[in-house]
Peer 1: 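Have a look at this one.
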There are 2 protein chains.
Amino acid sequence: MGHKKIRNMEEFAAVSGLSRPTVSKYFNDPDSVRSSTRERIETAIEKYDYRPNIFAINQNRKLTKNIGIVVPYLADPFFAEIARKIQKRCFEAGFWPMLFSAHGEQQLENDILDGLRGLRPAGVLLAPLGRASDRAEIEKFTRDVPTVLFDSNIEGIGEAFVGSDNFSFVSQTVEYLTRSGEPPSFFEMQTPANPNANKRRLAYISMMERLGHEPNVIKVKGEGWEFERIGRDGALKILQERALPTDTVLCSNDRLAIGFLSACYELEIRVGRKEGCSLRVASNDDHPFAKFTSPSLTTAAHDYDSVANGSVETLFELIESGGRFSKRTETLYPAKLVLRASA
Amino acid sequence: MGHKKIRNMEEFAAVSGLSRPTVSKYFNDPDSVRSSTRERIETAIEKYDYRPNIFAINQNRKLTKNIGIVVPYLADPFFAEIARKIQKRCFEAGFWPMLFSAHGEQQLENDILDGLRGLRPAGVLLAPLGRASDRAEIEKFTRDVPTVLFDSNIEGIGEAFVGSDNFSFVSQTVEYLTRSGEPPSFFEMQTPANPNANKRRLAYISMMERLGHEPNVIKVKGEGWEFERIGRDGALKILQERALPTDTVLCSNDRLAIGFLSACYELEIRVGRKEGCSLRVASNDDHPFAKFTSPSLTTAAHDYDSVANGSVETLFELIESGGRFSKRTETLYPAKLVLRASA
DNA sequence: AATAAAAATTTGCGCGCGTAAATTTATTAT
DNA sequence: ATAATAAATTTACGCGCGCAAATTTTTATT
């Protein structure tokens, strides 16, 4: 309480009755000093509320405790949710996670990486913008900073990739929809920002062919990250023109589906598998709001926990391996089909 | 390209043909050196891709360029959206914004503030958890770090508060609903996490009394940040028990309303002002997804840009004022009523 | 009690920069 | 051209800590 302010580790070591290097050792790894010493330090911390200057630490340490987390668009609840989980895990492991969003802009993604480089992070978890990313810049970055990509893969970049298995998503939804009704059309953006969208389209086509059906891809106009609006506008157009070739639609992702459902409601088209419904809509992701759409959305769910934990674990391994893996690994988690009211 | 790596400012000054203090001066304020010198430095930066070590800078500077942004729950799109805007403005102003989410937990909020303190940020923008916040800890923090509260106020804490005027929200929705139909009941959580909820309830009661109607507050069970689920479960219960005293409901916030609408859909209760609708639902916030609910949500909209810009501007003023204001100010922005299909 | 092992200490250097005072050089005004 | 001003330089110190090597003290083993 009424103690004099401790200004640095020297003074703190003095009041603890220990030498500065010993205290320094403690802060680097509390288990590296004997337990009696550890207790003395910890009571002194309580008493004097001292903590080492983080800038001085990081200036001298070879490896900082910083971890960068970069997502393409934080206002997308999918990324918010996964970033939330990742950040929490990093905190618990004693790291200092710093979260950034590129807001869909290449320039900002580059700036963030540039700023991050200066922080000499122990590692970075990067979900790149995808198509809009500056591949060369990211590659340059990963040469300096141990990086694990997640969610959206860029071939050959980063020490590892952790994400979801798009084929598993689409194969389950297509299989289910086909089994329980008409085979679906596939609804997507014309120029998707995210490479997962391309994988999903290909998975859809391949699944349809395997099941002996004609694939039917519907591409709607739109760019950027306002998926709901794009989905809604595209669906309104197609539904009004009666250009929908099937009574079943598989949306590339939940945010498009949210827009699609909104259009259906507006046009008074009943969606679902109940009596009186003329359309079934399913999707992929299990967006946090998919439970609360009208009707609630049948979708293939990301294994959020596995992707978040897998990314973090992979990064920790990478850090412990000195920042390089001998071989770039790709870890894909399968989806879980979640049946709700919409299909 | 094929130049040797510059290791520090000393070396960089050498290849620029300048002295280190001059270069240092440039990095602190590019306009503080003569333009010919500035150009020499800037071409050298291009050529050698040098940037000063951020830890060494911050260790010695009185004031860092770090800005902390702390929100209570980042998976809430409202906070994601406002954090996005704030972070962008900080970047543009040459600061290094660091975004953190307390994930609804007091312990984590305290830990974040504790970690932030060590980064000696020039300033912090804090949207506290509210009821769950550790008032004493936050107050202690604000004594060390110049802090502007936003979104959710704690009386007397921080140098300023910037947020939305809850009375403006509720008065507009209540006035509109009353004018265009039956006066609304007010739908909220029993123990709201956020102090804005309390202000909204009081505003509702006062508006109803002013208009000569009996206020009717419906409180549903639930704690935490899963507002949609709480709204849905609460609405299901009340609607099934036919315990709704009016045909018009004003939800405390959009996330509750999203849950409410989901319950209505499930129970096949048509919501809106169109023919054949038996219920009107309105709300507050203009959540990013309010446009895409079924039906789309009539709501009082935050002035997102004003709140984001206002917070940032206030913080910048605070920083320029040396971290203290002579008087704590509170800036409240009014809502804009957005009429959609639900009411 | 003697010995080995572990922990703590002392000593001393280095990190990359900010900053202040005194001095020199370059620019502008008269 | 001379003086006045502005800009750049030199010199020197400090920030708070990491880290390594050599030494001393404490703890564990037999």
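Not measured: the values here are computed from a predicted model. Just so it is clear: chains get the letters A, B, ... in the order the sequence lines come, proteins before strands, and each one is counted from 1.
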Peer 1: Taking CG from N58(A) and P from dG14(C), how many angstroms apart are they, rounded to a whole number?
Peer 2: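 Result: 22 Å.
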Peer 1: Let me confirm one number: the CG-CG distance from L149(B) to L126(B), rounded to the nearest 0.5 Å.
Peer 2: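 Rounded to the nearest 0.5 Å, the CG-CG separation comes out at 5.5 Å.
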Peer 1: Starting from the 5' end of DNA chain C, give me the residue, A56(B) or K25(A), whose nearest nucleotide shows up first.
Peer 2: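 Closest to the 5' end, via its nearest nucleotide, is K25(A).
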Peer 1: Of the listed nucleotides (dG18(C), dA20(C), dC17(D)), which one gets closest to any side-chain atom of R61(B)?
Peer 2: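 Among dG18(C), dA20(C), dC17(D), the one nearest the side chain of R61(B) is dG18(C).
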Peer 1: Where the side chain of T22(B) is concerned, which of dC15(D), dT9(D), dG18(D) is the nearest nucleotide?
Peer 2: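 That would be dT9(D).
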Peer 1: With no angle test and no hydrogens, is the base of dG18(D) tied to the side chain of R20(A) by a donor-acceptor pair under 3.5 Å?
Peer 2: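 Per atom types, the contact qualifies.
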Peer 1: Nearest to the side chain of Q59(A) - dT9(D), dC17(D), dG16(C)?
Peer 2: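 In terms of side-chain proximity for Q59(A), the closest of dT9(D), dC17(D), dG16(C) is dG16(C).
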Peer 1: Rounded to whole Å, how long is the line connecting atom CE of M9(B) with atom P of dG14(C)?
Peer 2: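 Nearest whole value for this atom pair: 20 Å.
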Peer 1: In whole angstrom, give the distance that lies between atom CG of N53(A) and atom P of dG14(D).
Peer 2: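 It works out to 18 Å between those atoms.
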Peer 1: If you find the nucleotide of DNA chain D closest to I57(A) and the one closest to S36(B), which residue's nucleotide is nearer the 5' end?
Peer 2: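 Looking at the nearest nucleotide for each, S36(B) comes out on the 5' side.
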Peer 1: Specify the separation, in whole Å, of atom OH of Y26(A) and atom P of dA7(C).
Peer 2: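 For the pair Y26(A) OH and dA7(C) P, the rounded distance is 16 Å.
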Peer 1: Are OP1 or OP2 of dG18(C) and a side-chain N or O of S24(B) less than 4.0 angstrom apart?
Peer 2: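 It does, given that an N or O in the side chain of S24(B) lies less than 4.0 Å from OP1 or OP2 of dG18(C).
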Peer 1: Report yes if a side-chain nitrogen or oxygen of Y50(A) is closer than 4.0 Å to either non-bridging phosphate oxygen (OP1 or OP2) of dC17(D); otherwise report no.
Peer 2: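 For dC17(D), OP1/OP2 do have a side-chain N/O of Y50(A) under 4.0 Å.
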Peer 1: Take the protein atom CG of N8(A) and the nucleotide atom P of dG18(D), then report the distance between them rounded to whole Å.
Peer 2: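 Between P of dG18(D) and CG of N8(A): 12 Å.
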Peer 1: Provide, to the nearest angstrom, the distance between the CD atom belonging to E10(B) and the P atom belonging to dT11(D).
Peer 2: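 E10(B) atom CD is separated from dT11(D) atom P by 12 Å.
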Peer 1: Atom CG in D29(A), atom OG in S24(A): separation rounded to 0.5 Å?
Peer 2: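 Reported to 0.5 Å precision, the distance equals 11.5 Å.
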Peer 1: Answer yes when D49(A) and R51(A) have at least one side-chain N-carboxylate O distance shorter than 4.0 Å, and no when they do not.
Peer 2: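 Answer for the salt bridge query: yes.
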Peer 1: If each of R34(A) and N28(A) is mapped to the nucleotide of DNA chain D with the nearest heavy atom, which maps nearer the 5' terminus, i.e. the 5' end?
Peer 2: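 Looking at the nearest nucleotide for each, N28(A) comes out on the 5' side.
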Peer 1: Whole Å only: how far is the CG atom of D31(B) from the C1' atom of dA6(D)?
Peer 2: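 Interatomic distance, CG of D31(B) to C1' of dA6(D): 16 Å.
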Peer 1: I want to verify a distance call: between dC17(D), dT11(D), dC15(D), whose nearest atom is closest to the P21(B) side chain?
Peer 2: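 Per side-chain heavy atoms of P21(B), the pick is dT11(D).
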Peer 1: Is the closest basic N to carboxylate O distance between E105(A) and K88(B) below 4.0 Å?
Peer 2: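 Yes, E105(A) and K88(B) are salt-bridged.
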Peer 1: What about F78(A) and Y73(A), are their ring centers closer than 6.0 Å?
Peer 2: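 Centroid distance F78(A)-Y73(A): not below 6.0 Å, so no.
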Peer 1: Tell me the interatomic distance from N60(A), atom CG, to dG14(C), atom P, rounded to whole angstroms.
Peer 2: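 Distance check: N60(A) CG to dG14(C) P gives 13 Å.
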